[in-house]
Amino acid sequence: MYCLVYISSPTREMSDHEVHDLWRRAKINNDRDGITGILIHDRGRYLQYLEGDEAKVEATFARISMDPKHRAIIRVHGGTTSRRQFPGWALASKSNPGDRSLRDSVERLVQGCDREVAEELLKFAEARDRVAAG
Ligand SMILES: Cc1cc2nc3c(=O)[nH]c(=O)nc-3n(C[C@H](O)[C@H](O)[C@H](O)COP(=O)(O)O)c2cc1C
């Protein structure tokens, strides 16, 4: 299965509600294109993991890259995984300091993933929790 991971920074701070709306709109396209994965968000960063047909994933990433809602888009990797890691299109978001840690949210969603995929996503969430903790 082809997969792609990138990180970026929101151009302006997005509330959980706004990010949920963005995720919901993306789901319509991703369902159509057979793309699954996860969008992880806190106030300062996005990490997105996309998987599916290579041409579809690349076309989606090309669209996402043009979106002025984020900047400093860095592609972390593109390659293959042993199998589809996510059954659907997931979202883990933390905007408010009082919310559960990003790691906890991500951990629940990566239960079915291969260890190396889960670890990469958890590492990002832990780093963001450290930033949030100051
Ligand atoms: C952080 C972030 C993640 C996004 N993820 C997706 C995605 O997974 N799939 C998608 O189709 N659009 C995603 N978008 C939206 C695209 O940038 C773009 O607005 C959208 O694909 C345009 O399609 P439409 O004309 O059908 O609305 C994302 C945008 C941002 C800022």
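When a ligand or atom number is given, it counts from 1 through the structure's own listing order. Hydrogens, waters and symmetry mates play no part in the numbers below; they use all other heavy atoms, side chains included.
Taking each heavy atom of Ala92 and Leu102 in turn, the nearest pair found is O-CD1, 4.2 Å.
In the hydrophobic clustering, Val19 connects to Tyr2, Leu4, Tyr6, Met14, Leu22, Trp23, Ile35, Leu39, Tyr46, Leu50, Val57, Phe61, Ile64, Ile73, Trp89, Leu91, either directly or through intervening members, whenever side-chain heavy atoms lie under 4.5 Å apart.
Sorted by chain then number, the residues whose non-hydrogen atoms approach ligand 1 to under 4.0 Å are Tyr6, Leu22, Ala26, Asn29, Asn30, Tyr46, Gln48, Leu50, Thr60, Arg63, Ile64, Asp67, Lys69, His70, Trp89.
Within the structure, salt bridge (charged side-chain N to carboxylate O under 4.0 Å, His left out) contacts touching residues 120-134 (residues at least two apart or in different chains) are Asp42-Arg128, Arg103-Glu126. Within the structure, every pair that satisfies the salt bridge (charged side-chain N to carboxylate O under 4.0 Å, His left out) test and touches residues 62-79, not counting sequence neighbours, is listed here: Glu58-Arg75, Asp67-Lys69.
Judged by distance alone, with hydrogens and angles left aside, the side-chain atoms of Ser93 form no donor-acceptor pair with the main-chain N or O of Asp16 at under 3.5 Å.
Defined by atom type and a distance below 3.5 Å, a donor-acceptor pair is missing between the side-chain atoms of Arg43 and Ser95.
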